[in-house]
Amino acid sequence: MKLKIAQTLAEALHELYQIDWQTDTSIIQNTKKEFEGDFTIVVFPFVKMAHKSPEMVANELGQYFTQKLHCSFNVVKGFLNLMFPDTLWLDFLRKNSRNLQFGYVKTEENEPVTLIEFSSPNTNKPLHLGHIRNNLLGDSVSRILSACGKNVVKVNLVNDRGIHICKSMLAWQKFGNGETPESSHTKGDHLVGKYYVEFDKHYKAQVKELEEKGVSKEEAEKQAPLMVEAQDMLRRWENNDPEVRALWQQMNNWVYDGFDMTYKQLGIVFNKVYYESQTYLLGKALVDEGLKKGVFYHRNDQAVCVDLHDKGLDEKVLLRSDGTSVYMTQDLGTAQLRYEEFHPQKMIYVVGNEQNYHFDVLKIVLGEKLGKTFGKAIYHLSYGMVELPNGKMKSREGTVVDADDLMEEMIFQAKEKTSELGKNAVENVNELYEMIGLGALKYFILKVDPKKNMLFNPEESIDFNGNTAPFIQYTHARIKSLLRKAADNGIDYALDSVSVNSAENSEKDLIKSLYEFPQVVQQAGDTMSPALIANYIFALAQNFNSFYQETPIFKEENAGKRGLRLQISELTALVIKNGMSLLGIGVPEKM
RNA sequence: GGCUCCGUAGCUCAAUGGAUAGAGCAACUGCCUUCUAAGCAGUAGGUUGUUGGUUCGAUCCCAACCGGAGUCACCA
């Protein structure tokens, strides 16, 4: 509709004022509630070229629209409000109310792959709140892009090697007494995380001891026996020492078992999992290629570098002086590997904004220095940090909010709240608690603009009232209850079966809001922002609840009016369901 | 210090350069004999960090300053 209006506007401008205007739907807005109308055009941009007053331009355009599109209009200052007959909205409702895929675009057979990497955990500690934001964002954006017709492939890149893993391994060897997840009834990732903390504790003590003997802090950190041993272990790992590799396998497997449980509870599934131990060497060929091309060079100390001063960045090391690879090396390699495997049109990396610089470099090195076409396909979906009231989370200092604990707490709160309200007379109560508790958590995180830092206060547990998932879930459950009642009473409310040709303002407001849903999904896809979906659904639910409160449905004797209201309710429930599903949140039939 | 991002109600967050800057929480007032009160209606709360600029119009764009975060590794 907006497109039609924009096209008509272009014609009108040309005919009336000889203005050539590029059709652009963004100038067509929804009329604000305080004013009368369906769509609004701001005419200020055209008054200068038309050499007329804003009111005159608006009126003349209004006349034109009346003739072409059979609408009426009013003018307030420079704002032209267009009003369409109710049948426009009723037709929309009739066409879409039973379309279960409403808002979703079907993925074409030949649609190229859109690759999205997220989660990317280290295997030395369990997942925490920061990872939750990453996982929820990645998962939700995947769902949204799929709904926009993209062919999405979700990948995870597990950082399963490196000094941090060796630290956990070493501490377990020294202090673990053979403890296993089974023997201690501890989730595997938590057990391994415990020894990571254990390492740090003993390491700090050693550093302190050395410092007391007069060794400088810097030297003490290098000389501490635990650190020396950990580094030795890493070297043995790289040399394929069977003993170290066996321990590494065993502890990583514990962690994977733990991660699997966490992912399962979060509702997250990957199409492919990469392991850094299998990919970290891949970038070396690309580095050689760059050296041959002359875009990289050996520094005096033999480290391979790239000079990015022409891009406003610094010199960056791509290969250590001993020939081993760094983070950037392996990211160059995995990018190429993925490109060859999937030929994606886009490679999205969901990674925190602390790595903005890294991705700037990655894009330039691949795309411009090495001239790879897939360099341009890289998109860093950079999200803000989750902060606690007293600042950032630090895993070694124990100021983290653990992912599993948080989920468990949310589900528990859902249970408490539900019994408090006396609403647990539902089958599958445990499923309901989970839906509400995890829904509240997911919504709390996803409703915030991804690129912004956000605050989480563990003291004030997440609300179940107001702008929250339970509010929206509750709205859905109430609608379902209405629809069940209609079915029980044999009421057929399909618009083709009842006679309606007009709608009241409150009804039209809701229909217009529902009409927006597909556009919101598209916009959320374009901007990769689940927050847009969340805000939209909340506004819709609010809108519906007012309607629900003020407008009786079953007391209405006019079958046409009653049918219309039920039909609006049905599509509202569907949009809530489909929208929440894009956030990875389920909605109950009853609550 | 260089670069990047952010500053909106007491708190957490919204607002494609457009009409009187909106929600939720917290506070206060009403509404369950009525389709589910995890709800609805209402009151109060703002110099959109500051100062300039761009224009018909700026929370949004530009500049400077103030305040905060991130980053500037042969860590990932």
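A note on names: the letters A, B, ... follow the listed sequences, proteins ahead of strands, and every chain is numbered from 1. Below, each value reflects all heavy atoms present in this structure, side chains not excepted, and no hydrogens, waters or symmetry copies. From a predicted model like this one, the values you see are computed outputs, not experimental measurements.
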**OP:** Give the nucleotide from the list C35(B), U16(B), A14(B) with an atom nearest to the side chain of Val448(A).
**Re:**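 Ranking C35(B), U16(B), A14(B) by closest atom to the Val448(A) side chain puts A14(B) first.
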
**OP:** When you get a sec, tell me which of A19(B), A76(B), A38(B) is the closest nucleotide to the side chain of Glu276(A)?
**Re:**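 The listed nucleotide nearest to Glu276(A)'s side chain is A76(B).
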
Original post:
Can you tell me how far P of G70(B) sits from CE of Met454(A), to the nearest Å?
Top reply: 17 Å

**OP:** Please tell me which of Asn453(A) and Arg484(A) maps to the more 5' nucleotide of RNA chain B, matching each residue to the nucleotide holding its nearest heavy atom.
**Re:** Arg484(A)

Subject >> Of Asn545(A) and Asn159(A), the one whose closest RNA chain B nucleotide lies more 5' >> reply: Asn545(A)

[X] near the nucleic acid: base, sugar-phosphate alone, or nothing, with a heavy-atom cut-off under 4.0 Å?
{"X": "Lys417(A)", "result": "base"}
{"X": "Phe538(A)", "result": "sugar-phosphate"}
{"X": "Thr468(A)", "result": "nothing"}
{"X": "Asp449(A)", "result": "sugar-phosphate"}

Pair assignment for [N], Watson-Crick or G-U wobble, requiring both distances under 3.5 Å:
{"N": "C61(B)", "value": "G53(B)"}
{"N": "G42(B)", "value": "C28(B)"}
{"N": "C5(B)", "value": "G68(B)"}

Subject >> Results of salt bridge (Lys or Arg N to Asp or Glu O under 4.0 Å) for Asp322(A) - residues two or more places apart only >> reply: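 Scan of Asp322(A) (salt bridge (Lys or Arg N to Asp or Glu O under 4.0 Å), adjacent residues dropped) gives none.
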
Subject >> Gln542(A) side chain near G24(B) phosphate (N/O to OP1/OP2, under 4.0 Å) >> reply: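 Affirmative; the distance criterion is met.
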
Subject >> Criterion side-chain contact (heavy atoms from CB on, under 4.5 Å) against Thr572(A), the qualifying member of Phe547(A), Phe517(A), Phe544(A), Tyr548(A) >> reply: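 Exactly one candidate clears the test, Phe544(A).
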
